[in-house]
Chemist: 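Handing you this structure, nothing more for now.
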Amino acid sequence: MAFVTGASRGIGKAIALALAAAGHDVVISARTVTPGEQRENSLTIHKSDTRPLPGSLQETAEEIETRGVQCLMVPLDLTDRATVGAAAQKILDEWGGVDVIVHNGRFLGPGLMDVFMDIPVDAYEKFFEAHAIAPIVLTRALLPGMIERGGGTVITITSSSAFNTPPAPAGQGGWGLGYAVGKASGHPLVGTLHAEYFAKGLRAFNVQPGFVATERNHLVAASHGHEIKNGAPPSAIGAVVKWLVTTPEAKELSGEMIEAQEFVLEHNLHPDWH
């Protein structure tokens, strides 16, 4: 059984479908439960964007179940610690736990891609809560059962923005400090879990996806009058996660960061993309 956060669309949905195809029953979480829900999706304080994004938990669940496995929807808001704790408890109550956790979800909101002086200080709290605290809460709740059953896998979808210098200011080809702080705060979890639990059967990985042609990124590109031509498909990242979860050789890579796009090409995991 696997648990994937941020699974209503994009990379999270692709990972959930890939794990389902490998025979895993899948718990999925996100804020968007039904198609067409509206909330503030802008990445900047300078304008509002409440357009519904493509995708929902219901749609992902339907696709998962066509693969012959079970799906449990657990709606949660990664910035709301109470809903995060309740989600973990629901997983324990209804399924008794999981063997795979994929921390993919993140907080999208104003300040994420703004320049330094424009980012409200209180916005950093949401980035940190979603990327660092929520995965810690979820892992603390689900890890003991994993270890009791002989181990499992924990994966964080990280970003090179966690440790690289932006090539340009935010909005001009670079990223905002809000995004970098969020990704950087979530990055260390994998290393700690590997150091403390590898000998007990746990495998832990950071997966760096690179630029991916998600539904949201297509929408953003279209709003600027152009198309995405060089992004990896989300299913390529799903293929990497599936390999890490299901392949015995992945044990040798535990504790490392996997550059997903290089990895998928080197191992020919997604023949339709090259």
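Please read all numbers here as calculations on a predicted model, not as lab measurements. Count residues from 1 along the sequence.
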Chemist: Closest approach of Val74 and Ala87, non-hydrogen atoms and distance?
Modeler: CG1-CB, 3.2 Å

Chemist: Checking side-chain polar atoms at under 3.5 Å, does Glu59 have a donor or acceptor matched by the opposite partner on Ser56?
Modeler: yes

Chemist: Check for me, please, whether Val98 and Ile155 land in the same ILVMFWY cluster - side-chain distances under 4.5 Å, paths through other members count.
Modeler: no

Chemist: Taking all atoms of both residues into account, what is the closest heavy-atom pair of Trp175 and Asn164, and its distance?
Modeler: CZ2-O, 3.6 Å

Chemist: Do the non-hydrogen side-chain atoms of Gln70 and Glu65 ever get within less than 4.5 Å of each other?
Modeler: no

Chemist: First locate atom CG of Leu202, then atom CG of Asp99, and finally report the distance between them rounded to the nearest 0.5 Å.
Modeler: 11.0 Å

Chemist: Looking at every non-hydrogen atom in both residues, tell me the closest pair between Thr246 and Ala22 and how far apart they are.
Modeler: CG2-CB, 4.0 Å

Chemist: If the plane angle is over 60° it's perpendicular, under 30° parallel, otherwise tilted; pick one for Phe263 and Trp243.
Modeler: perpendicular

Chemist: State, with a plain yes or no, whether a side-chain heavy atom of Ser159 is found less than 4.5 Å away from one of Tyr179.
Modeler: yes

Chemist: Looking at CG of Leu112 and CD1 of Ile45, how far apart are the two atoms once the value is rounded to the nearest 0.5 Å?
Modeler: 12.5 Å

Chemist: Check Ile11, Leu17, Ile15 against Lys13 for a side chain to side chain contact (heavy atoms under 4.5 Å, CB included) and give me the one that passes.
Modeler: Leu17

Chemist: Should Leu76 and Asp80 be marked as a side chain to side chain contact (heavy atoms under 4.5 Å, CB included) after you check the CA-CA gap, both sets of side-chain angles, and the distance that decides it?
Modeler: CA-CA 8 Å; Leu76 64 80; Asp80 183 342; over 6 Å; no

Chemist: Tell me, do Val4 and Val26 make a side-chain contact under 4.5 Å, heavy atoms counted?
Modeler: yes

Chemist: Could you state whether Val240 and Val190 fall into the same hydrophobic cluster, counting links through intermediate Ile, Leu, Val, Met, Phe, Trp or Tyr residues with side-chain heavy atoms under 4.5 angstrom apart?
Modeler: no

Chemist: Under the side chain to side chain donor-acceptor pair (under 3.5 Å) rule, what do His131 and Ser185 come out as? Steps first, then yes or no, please.
Modeler: CA-CA 6 Å; His131 286 278; Ser185 67; 5.8 Å; no

Chemist: Take Thr5 and Val102, measure what side chain to side chain contact (heavy atoms under 4.5 Å, CB included) needs, and give me the verdict at the end.
Modeler: CA-CA 6 Å; Thr5 65; Val102 182; over 6 Å; no

Chemist: Let me see the working for Arg203 and Leu244 under side chain to side chain contact (heavy atoms under 4.5 Å, CB included), right down to the final yes or no.
Modeler: CA-CA 9 Å; Arg203 311 293 176 252; Leu244 293 172; over 6 Å; no

Chemist: Atom CZ of Phe3 and atom CG of Leu142: how far apart are they, to the nearest 0.5 Å?
Modeler: 7.0 Å

Chemist: Looking at Gln58 and Ser8, would you say the former's side chain and the latter's main chain have a donor-acceptor pair under 3.5 Å?
Modeler: no

Chemist: Any pair with a residue in residues 114-123 that passes side chain to side chain donor-acceptor pair (under 3.5 Å), sequence neighbours left out, goes on the list, sorted by first then second residue, please.
Modeler: Thr44-Asp114, His46-Asp118

Chemist: Any non-hydrogen side-chain atom of Met257 less than 4.5 Å from a side-chain atom of His187?
Modeler: yes

Chemist: List for me each residue that meets side chain to side chain contact (heavy atoms under 4.5 Å, CB included) alongside His103, sequence neighbours excluded, and say none if there are none.
Modeler: Ile101, Pro135, Leu138, Thr139, Val154, Thr156, Leu189

Chemist: Using 0.5 Å steps for rounding, measure from the NZ atom of Lys126 to the CZ atom of Phe128.
Modeler: 16.0 Å

Chemist: Test of understanding: clusters of I, L, V, M, F, W, Y form through side-chain heavy atoms closer than 4.5 Å, transitively. Do Leu19 and Met146 belong to the same one?
Modeler: no

Chemist: Supply the atom-to-atom distance Ser254 OG to His194 NE2, rounded to the nearest 0.5 angstrom.
Modeler: 4.5 Å

Chemist: Indicate the atoms forming the closest heavy-atom contact of Ala7 with Leu57, along with that distance.
Modeler: C-CD2, 4.3 Å

Chemist: Cys71 versus Asp25: any side-chain heavy-atom pair under 4.5 Å?
Modeler: no

Chemist: Going by heavy atoms in the side chains, are Tyr124 and Leu177 under 4.5 Å from each other?
Modeler: yes

Chemist: With a 3.5 Å distance limit and no angle check, can you tell me whether Gln208 reaches the backbone of Glu259 through a side-chain donor-acceptor pair?
Modeler: no

Chemist: Rounded to the nearest 0.5 Å, what separation is found between the NZ atom of Lys183 and the OG atom of Ser161?
Modeler: 7.0 Å

Chemist: In the structure I gave you, are the side-chain heavy atoms of Val27 and Trp95 within less than 4.5 Å of one another anywhere?
Modeler: yes

Chemist: Is there a path of hydrophobic side-chain contacts, each under 4.5 Å between heavy atoms of I/L/V/M/F/W/Y residues, joining Val137 to Ile147?
Modeler: yes

Chemist: Where do Pro234 and Gly10 come nearest, in terms of heavy atoms and distance?
Modeler: CB-O, 3.8 Å

Chemist: Do Asn206 and Ile258 come within less than 4.5 Å of each other through their side chains, counting heavy atoms only?
Modeler: no

Chemist: Under the side chain to side chain contact (heavy atoms under 4.5 Å, CB included) criterion, do Phe205 and Thr153 qualify, and how do the steps go?
Modeler: CA-CA 8 Å; Phe205 311 91; Thr153 305; 3.8 Å; yes

Chemist: Count the heavy atoms belonging to other residues, nucleotides or ligands that lie under 6.0 Å from CZ of Arg149, then report whether that count exceeds 12.
Modeler: yes

Chemist: Are Val69 and Ile28 connected in a single hydrophobic cluster, I mean Ile/Leu/Val/Met/Phe/Trp/Tyr linked by side-chain heavy atoms less than 4.5 Å apart?
Modeler: yes

Chemist: Could you pull out the closest heavy-atom pair between Glu37 and Arg31, with the gap in Å?
Modeler: OE1-O, 3.6 Å

Chemist: Please check if any side-chain donor atom of Arg39 sits under 3.5 Å from a side-chain acceptor atom of Thr32, or the reverse.
Modeler: yes

